[in-house]
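Notes follow once the structure below has been shown.
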Amino acid sequence: RIVVDLTDRPPPAGADEGRRIFASRQGGCEVCHSVERGDDGVGPSLFGVASVAGSRVEGLDAEGYLRQSILLPDQYVVDGWPAGQMLPIYRERFSADELNAVIQYLLTLKDPAIEGSDEPEGRDG
């Protein structure tokens, strides 16, 4: 019998493309957001965002929250951060497939302390 930890599964389809878009000039996400714990920039670090996204806004699951945060960034603003910093430009900047890929990537950014794992996901070691 083989026991496989859930952290050993491959990232969802599109996550690698989403990581590329996130880091690209087109996405520009890394200009304001780090994926490292506690490394806030102009915007909050996205480390562990997948672990908390589903509990931020009542009625939105993690994917819905991330989609809203990208397309309508001032709809919900994380405590301690001012509104108006993230421009609502991604409806024009991303195709539907690119947006979905970025969301799939963000859904890999889990906090192992919340998820009960020792290894962070969604990062290049």
Side-chain angles (χ1 to χ4, degrees):
R1 180 170 142 164
I2 297 175
V3 177
V4 178
D5 188 0
L6 289 178
T7 60
D8 292 338
R9 31 185 192 117
D16 287 337
E17 177 66 6
R19 180 191 325 243
R20 185 196 65 73
I21 294 165
F22 183 91
S24 74
R25 183 179 183 116
Q26 171 200 6
C29 308
E30 286 185 332
V31 172
C32 298
H33 297 284
S34 168
V35 296
E36 301 297 323
R37 181 188 303 272
D39 186 15
D40 293 329
V42 173
S45 167
L46 296 178
F47 177 89
V49 70
S51 300
V52 298
S55 62
R56 294 268 190 198
V57 175
E58 189 173 328
L60 291 179
D61 63 6
E63 183 176 341
Y65 168 78
L66 292 168
R67 185 173 304 280
Q68 176 181 284
S69 295
I70 294 167
L71 298 177
L72 302 168
D74 285 340
Q75 199 75 17
Y76 170 83
V77 179
V78 174
D79 287 341
W81 295 91
Q85 289 200 129
M86 184 168 162
L87 300 174
I89 59 175
Y90 293 96
R91 280 179 278 199
E92 295 83 29
R93 187 169 284 187
F94 291 159
S95 70
D97 288 342
E98 290 167 334
L99 175 63
N100 290 333
V102 169
I103 291 169
Q104 288 305 307
Y105 167 60
L106 294 174
L107 288 170
T108 70
L109 300 179
K110 298 179 180 176
D111 183 339
I114 295 172
E115 299 291 326
S117 168
D118 293 330
E119 295 296 319
E121 293 186 29
R123 292 180 35 214
D124 292 326

query = Would a 4.5 Å heavy-atom cut-off, applied to side chains only, mark Ile21 and Tyr105 as touching?
reply = no

ask   = Between Ser51 and Glu115, what is the shortest heavy-atom contact and its length?
value = OG-OE2, 2.8 Å

ask   = SG/Cys32 to CG/Leu87 distance, rounded to the nearest 0.5 angstrom?
value = 8.5 Å

inquiry  = I'd like to check Leu99 versus Arg91 (side-chain heavy atoms, cut-off strictly below 4.5 Å). Are they in contact?
reply    = no

task = Start with the C-alpha gap between Val52 and Tyr65, add the side-chain angles, then the distance that decides, and say whether side-chain contact (heavy atoms from CB on, under 4.5 Å) holds.
result = CA-CA 10 Å; Val52 298; Tyr65 168 78; over 6 Å; no

task = Only counting residues at least two apart or in another chain, list the ones meeting salt bridge (charged side-chain N to carboxylate O under 4.0 Å, His left out) with Glu63.
result = Arg67

Flag side-chain contact, heavy atom, 4.5 Å: Asp111 against Phe47 = yes

query = Which atom names give the shortest non-hydrogen contact between Ala50 and Thr108, and what distance separates them?
reply = CB-N, 4.4 Å

task = Go through Arg56 and Val78 one step at a time and tell me if the side-chain contact (heavy atoms from CB on, under 4.5 Å) criterion holds.
result = CA-CA 8 Å; Arg56 294 268 190 198; Val78 174; 3.9 Å; yes

inquiry  = Working note: Val42 + Val31, criterion side-chain contact (heavy atoms from CB on, under 4.5 Å); need CA distance, chi angles, decisive distance, verdict.
reply    = CA-CA 8 Å; Val42 173; Val31 172; over 6 Å; no

key: Side chain proximity check, Leu60 to Tyr76, heavy atoms < 4.5 angstrom   = no

task = Look up atom CE in Met86 and atom CG in Leu71, then write down how far apart they are to the nearest 0.5 Å.
result = 8.0 Å

query = So, Ser45 side chain and Glu36 main chain: donor-acceptor pair closer than 3.5 Å or not?
reply = yes

query = If you measure from CD on Gln104 to CZ on Arg19, what distance do you get to the nearest 0.5 Å?
reply = 13.0 Å

request  = Please name the pair of heavy atoms, one in Gly64 and one in Asp61, separated by the smallest distance, quoted to 0.1 Å.
outcome  = N-OD1, 2.7 Å

task = Quick one: which residue pairs count as a ring pair (Phe, Tyr, Trp, His ring centres under 6.0 Å) with a foot in residues 84-104, not counting sequence neighbours?
result = Tyr90-Phe94

message = With a sphere of 6.0 Å drawn around CD of Glu92, does it hold more than 12 non-hydrogen atoms of other residues, nucleotides or ligands?
response = yes

note = Between Val49 and Leu106 the two heavy atoms that sit nearest each other are CG1-O, 3.7 Å

ask   = Do side-chain atoms of Gln26 reach the backbone of Arg93 as a donor and acceptor pair under 3.5 angstrom?
value = yes

request  = Taking all heavy atoms of Leu107 and all of Leu66, pick out the closest pair and write down the distance.
outcome  = CD2-CD1, 3.6 Å

